Structure formats: C-alpha cells, structure tokens
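Okay, structure first, notes after.
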2 protein chains.
Amino acid sequence: MVSLKDVAQRAGVSIKTVSNVVNGYQHVTPAMRERVQRAIDELGYRPNLTARHLRKGRTGIIALAVPELGNPYFAELAGAVIDAAARHDYTVLLDHTGGRRDQELLVCQGFRAHVMDGLILSPIELESEDLLARTDTSPLVLLGEREYDAPYDHIAIDNVAAARLAVRHLVDTGRRRIAFLGAREESARRPAHLRLRGWREELDAAGLPAGDDLVVATEAYGREDGARAMAALLDRGPRPDAVFAYNDTMAVGALRTLADRGLRVPEDVAVVGFDDIDESRFAHTPLTTIAPDKEAIARLAVDCLVDRLAGTAATEPRRARPGHRLVVRDSTVGRR
Amino acid sequence: MVSLKDVAQRAGVSIKTVSNVVNGYQHVTPAMRERVQRAIDELGYRPNLTARHLRKGRTGIIALAVPELGNPYFAELAGAVIDAAARHDYTVLLDHTGGRRDQELLVCQGFRAHVMDGLILSPIELESEDLLARTDTSPLVLLGEREYDAPYDHIAIDNVAAARLAVRHLVDTGRRRIAFLGAREESARRPAHLRLRGWREELDAAGLPAGDDLVVATEAYGREDGARAMAALLDRGPRPDAVFAYNDTMAVGALRTLADRGLRVPEDVAVVGFDDIDESRFAHTPLTTIAPDKEAIARLAVDCLVDRLAGTAATEPRRARPGHRLVVRDSTVGRR
DNA sequence: CTGAAAGCGCTTACAG
DNA sequence: CTGAAAGCGCTTACAG
C-alpha cells in the first residue's frame, strides 16, 4: 500500500504538505501542488480511510437497519436513504433484523456494525426499555410507527391520520363492514398499532362496527400473511365489504385470496393498502393505498443523524412528520 | 471514549493483557481474566474497530453494489448476501448504481466506499475495458449475466440454458409466436443478452420464428418498461401467443398491459418471467418464471470474496454457476 | 503467563 | 506557506 510517506518521499516534501494537497487546502503554491500531484499519480496513491477515520474519530458510515429487505417498502426506503446519505458524503451499511427483538437489540447496541457513526433503525419488536438500556452512545434515529418513551429522534408519518384517511375513503365510497388485516397481538406493554387505532377511530366516528371480529392478527406482514389473514376473515363469518390492510404486501396477499375465492374487487370487497410500493400500481386490480413520502422520510432521517453527528442538533429528541396522501385506484372504486 | 489503556489502568495490568482478554486468547489466568473483565464492565469498554482495522489492515466490511434496490430481485439478493456475509463475520455496505456506467465505474474504483475489504458488483453497463483499467486492488466478484474478458471471479447461473428452458416450456405447451421483451440495444462492444441468445437458440431449434419483429428493446427493466414494451409489441403487428420477459418485473408490467387490452393470460398470450420474486407468486395470474438459486448466488459470491481476502483462492478467476429451475404457474398453463 | 515498545496511516496543533 | 512531532486505539513481534 502506498502511504503519504511514500508520496512525500517521492515528491521531496514533508508528509504534511502531501496531506494539504490531498485535502485540497488553500495556501499551497501551485508549483508545489503540481509536484505533489504528480507523485500521487505516479504512485497511484489512495488515502487510507481507516487511518483518517481513526484520527478524526468518525468513519463516514451510517447504518440502516430495516426488518426485511424482501418487503419492497423497505427496499425502496433503503434506496432513498442511500441517496440521501450520499448527498452528505455518507455511505450506508445495511442490516436487516427480521423484525426480531434480539436482532434489533444487537443492531442498536452496535454489535453487528460498530464501524459506524450513527444508526437509523426501523424497529418492530424493540421495547422502550431496550432503548433506555442502550449503552452505545452513537446517535440513533428511529423510523416507523412504533412509539417509544426514549430520548431519540423519531421520524414517522402520522399513522393514525393516514389510517383514518384510508378508512374514511372506504366509508365515503359506501362501505359499511370494514375489516383490518395485520394487527399484531396486543399486550399491555406493546401499544396497539397506530394504524389499527386510526381504523377504529374512524369507524367509531362513522358509527360503523369496529369489533374484534373484524380484526385479523398476523405474525408477519408479507404477502403470504395477507393471503392467510384474508382467508381467515372470510372463513370467520359474515363477509366484509372492505378490508384495510396493514401494508401493501398484505393487501396483495388479500387480493390473491379474494381472486381464489371468486370474489370481485372492488365490487364484492374493496381493498386498501399502505406504503404505495411500485408493485401496487401494477397489480391486476391496482391498489388504493396510503403513500408515505419516502423521499422525505429518508431525507429527514439522514438530516437528523447528520445534525446529531455534527453536534448541531438541539438536545431534546426531534419528532418529524413527513407527509402522506391517499392514492385512489381500482381496488376501491373500480375502473374509472 | 474508553480505551484499552483506561481499562489497563483500572485493572492495574498492561494494555497487552487487556487485549488478550478482549480477544479471548488462551494462557490468561482465570483470576487475571476476571479482574480485567470487571474493569471492562465497570468502564463499559468497547473496542474501537477502526483502530483494530488500521492495525490489521482489514475492515470486516464488504460492499455490494446492485443496479436498483427497487427491483425485488436485487433486494432479495441483497438480503441473502447480508446473511451469507454475517456467517463470515462480515458486514455489508450497500450501494446502488442505477445501472449507469459512471456509477458502476465509481463503485468499482472504490471511490464511494473505500472502507471495504472487497466488492461484489452486479454490473449492467460496465465494459471489459473498464475492468481492465481498474486500479483498486481489493478483490472484486462479479454477479449476473454480463460476460467479461477480465480476470475476476464471476457468479452467474447459466442464463442461456435457463432462457432455453423457459422458451422450451412455451414451445412444449403449443406456443408458436414467442416474443422477447427487454433486449437492450445491441452494439459491437456490448454482446447481446445471454437470455436473448437463449431465446433465439431455442426458437431456432424448434424451427419457430425468431425475427427482430418479435424482440422489443427497452431502456430499463422495471414494471413500467415491461408495460410499455408489451404495448409496443401489440401495436406493432400480428399478435404473439407468448412473451418471454427479461425479468419478472417486466413480466408483471406485461400482464398489466395485457389486462388493459382485454387479453387473457394464458389463453390469448402466455407470459414467462425470470427471477422468481415473491411478487410473481402472488400476481393475479401467478407467473411462470425461472428461479435462480438466490441463496447459492449470495453464498458463492461471499465465499469467493472471503477466499480472495484470505488469500486461499486460486490465482485464476473463478467461474461459478449456481442452479436454476423452471417454476410453472398459471401464466402459461392456466388454472390447474 | 505478562510487560514495554513499535507502528498501522493519517491529521492536528505547533513552530518557523 | 511548509516541516517535525505527537497521537488516534489497537495488535504484533519481542523479551522476560
């Protein structure tokens, strides 16, 4: 490996001068700059970033941990984070947790990837107590609809409002029996999903039923889970005339089951998803869905982290709410 | 930050001893180990990986660069690479190139992410000359169907054979006018797609037409591109009774267009994709497709890289061929 | 089985 | 505008 020292020797100058040239400092005579540059080119010198990082105390790497890259929402989000980070000269180390608490803990304790300046984490199972017990001191920004009593920046759209918007659309288009697909089992410690809460609030406001018989719990949030949840719902009792799925992949699974059962969408059952992944636009029955502003989410998360890293952020945790909108497609209003 | 020195001071031993404990070396008396461990716990010491990396000359990070995380195939593959890397205690830095040559060059020159021991790259536009001009000396493993005259490990399924398998299936099920969606514009320097070659070979073998009127070139390989390509094909002339798409996302786009035109799949037009992404299984008309062994691809790529890094690999470039199989679904044979 | 020293390649004060 | 020295936190020979 070619080091600064080699270049300095070749150019007949001190290491510092080479460093100045490499880092583009002012106050280097053009002649000197050129001489050093020639030595650099001849030797094919490339700075050793590890050494620079050790010296500067930062690595230029931020980590992003999402539950599952197989879920297009997170894949698309990861792409946006990579782009946002690049604009700040940061590179992104990617990890996935499978939405398992132990993995989330590991990641947030920095065990898997301690070579990072900060972390953006989209947790599923993690608890507030886990966050409070965190010993790693690098900045952490949380993503998503879980709410925590812990002093960390948190970026999430208004999930309750978004869910209400989706349900209102179903109510407005004449649906009266609206189910929810994808609630996790509730417990005292783990607050119910905000999306589930929004579903319930809007139905209550409309005076429509919002009982447990209209809610299907699932283990995960993939297409298969959506398909099974839809089947369970249909087997369970009186058919709903609409379903609001936790996310688009589940909604796609629900469409699959409805097709298998010979039910028409939206005539028999309307379907609304959440995430607006590209796939939803191209589904056989294009999916009505909530579109979170993914670019804004990624940008805000990276900005927050960069502010923390620069020490320019306020002390108290930041709470940012990127926008969202309802995208109406055939799965609720038929061919227009 | 707590350093080895602090721990040594606290425990009243030398730095070396602490290092021995941290690294789990033998030949440390249990009493000593415990004393040091207590100091570590009390101070909350965490090793500085950057320093370790500088000293050892490696970072424990490998980079993976794919064209587009929005394509589920690459997202799913990235997940598999992360898992495979974790088994070797490597962390994955993720980058996407947009399939643009300049970005691919940048990545393969190590400019974006020089903090890595090696790189796995799935190129689209990169040329052999770019690879030959590469100055970065870190190991590089190539992925995918492009073929290069450059001394690098290359992991790819047998794309020609896989394409022939897909086309044979169409021929065997009675199709006679089989189109290809997603050929890039050809040039002298840029060899035609292997999948296109397989399509042509199999049609030739079957004595069926394989003219340019059955090939639609596209700019990219997303759902939208597939939809447009299918529309162009239908507008162009006599309707084909089958299409073989470059990948599943394009096939999904083709399904969209066929539905919009009121054509039935597979009765009017059969569709075969390539990649076997989860989405394909759940499409309204589940998609027949080629399933590359993604786990094997990821594992082989990481193994290759790890071998290079360990210096245990042979000098000549390795060429690995993970398996693939045809998955038959409704888009070619209807409901079974 | 443990200690003292050197050095990975860089940047940061400090001189001049 | 340029140079010589110190040090980021670790591991690796080398002694003892």
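Residue numbering restarts at 1 for every chain, and letters A, B, ... go by the order of the sequence lines. Please read all numbers here as calculations on a predicted model, not as lab measurements.
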**Request:** Please check the phosphate of C/dT2 (OP1 and OP2 only) for any side-chain N or O of B/S14 closer than 4.0 Å.
**Result:** no
**Item:** Pair A/Y152-A/R318, side chain to side chain donor-acceptor pair (under 3.5 Å): steps then yes or no
**Value:** CA-CA 7 Å; A/Y152 291 105; A/R318 227 162 97 182; over 6 Å; no
**Prompt:** Does the side chain of B/T50 get closer than 4.0 angstrom to OP1 or OP2 of D/dC8 through an N or O atom?
**Reply:** no
**Prompt:** Nearest of D/dT12, C/dG9, D/dT11 to any side-chain atom of B/Y25?
**Reply:** D/dT12
**Fill in**
If pairing means Watson-Crick or G-U wobble with both distances under 3.5 Å, then the partner of D/dA13 is none
**Asked** For the side chain of A/K16, counting heavy atoms from C-beta on, which of C/dG9, D/dG3, C/dT2 is nearest?
**Response** D/dG3
**Item:** Pair assignment for D/dA4, Watson-Crick or G-U wobble, requiring both distances under 3.5 Å
**Value:** none
**Asked** Counting side-chain heavy atoms from C-beta on, which of D/dT11, D/dA4, D/dT2 comes nearest to A/T29?
**Response** D/dT2
**Request:** Using the closest heavy atom to pick a nucleotide of DNA chain C for each, name whichever of A/V22 or B/G12 lands nearer the 5' end.
**Result:** B/G12
**Distance, rounded to the nearest Å, where A/K56 contributes NZ and C/dA13 contributes P** = 11 Å
**Asked** Any side-chain heavy-atom pair from B/L194 and B/E147 closer than 4.5 angstrom?
**Response** yes
**Message:** Taking A/R100's backbone N and O only, do any of them form a donor-acceptor pair with A/E125's side chain (distance below 3.5 Å, no angle check)?
**Reply:** no
**Message:** Could you check whether any side-chain N or O of A/N23 sits under 3.5 Å from a backbone N or O of A/S19, counting only pairs where one atom can act as donor and the other as acceptor?
**Reply:** yes
**Prompt:** Over how many whole Å does the gap from A/I15 atom CD1 to C/dC8 atom P extend?
**Reply:** 10 Å
**Prompt:** Just how far, in rounded Å, is C1' of D/dG7 from CG of B/N48?
**Reply:** 13 Å
**Message:** Which residues in residues 33-45 of chain B have a heavy atom closer than 4.0 Å to any atom of DNA chain C?
**Reply:** none
**Item:** Validation row: A/L142, A/L131 side chains within 4.5 angstrom (heavy atoms)
**Value:** yes
**Asked** Within a strict 4.5 Å, meaning less than it, do heavy atoms of the A/Y148 and A/E129 side chains meet?
**Response** no
**Prompt:** Quick one: on DNA chain C, does B/L54 or B/M32 contact a more 5' nucleotide (nearest heavy atom)?
**Reply:** B/M32
**Request:** State whether the side chain of A/D149 and the backbone N or O of A/S128 hold a donor-acceptor pair below 3.5 Å, judged by distance alone.
**Result:** no
**Request:** Provide, to the nearest angstrom, the distance between the CZ atom belonging to B/R55 and the P atom belonging to D/dT12.
**Result:** 6 Å
**Prompt:** Between B/H53 (NE2) and C/dC10 (P), how many Å, whole number?
**Reply:** 17 Å
**Message:** From NZ of B/K5 over to P of D/dT11, roughly how many Å is that when rounded to an integer?
**Reply:** 15 Å
**Request:** Take atom CG of B/L4 and atom P of C/dA6, then tell me their distance rounded to the nearest Å.
**Result:** 19 Å
**Item:** Distance in angstrom units between A/N20 CG and C/dG9 P, rounded
**Value:** 20 Å
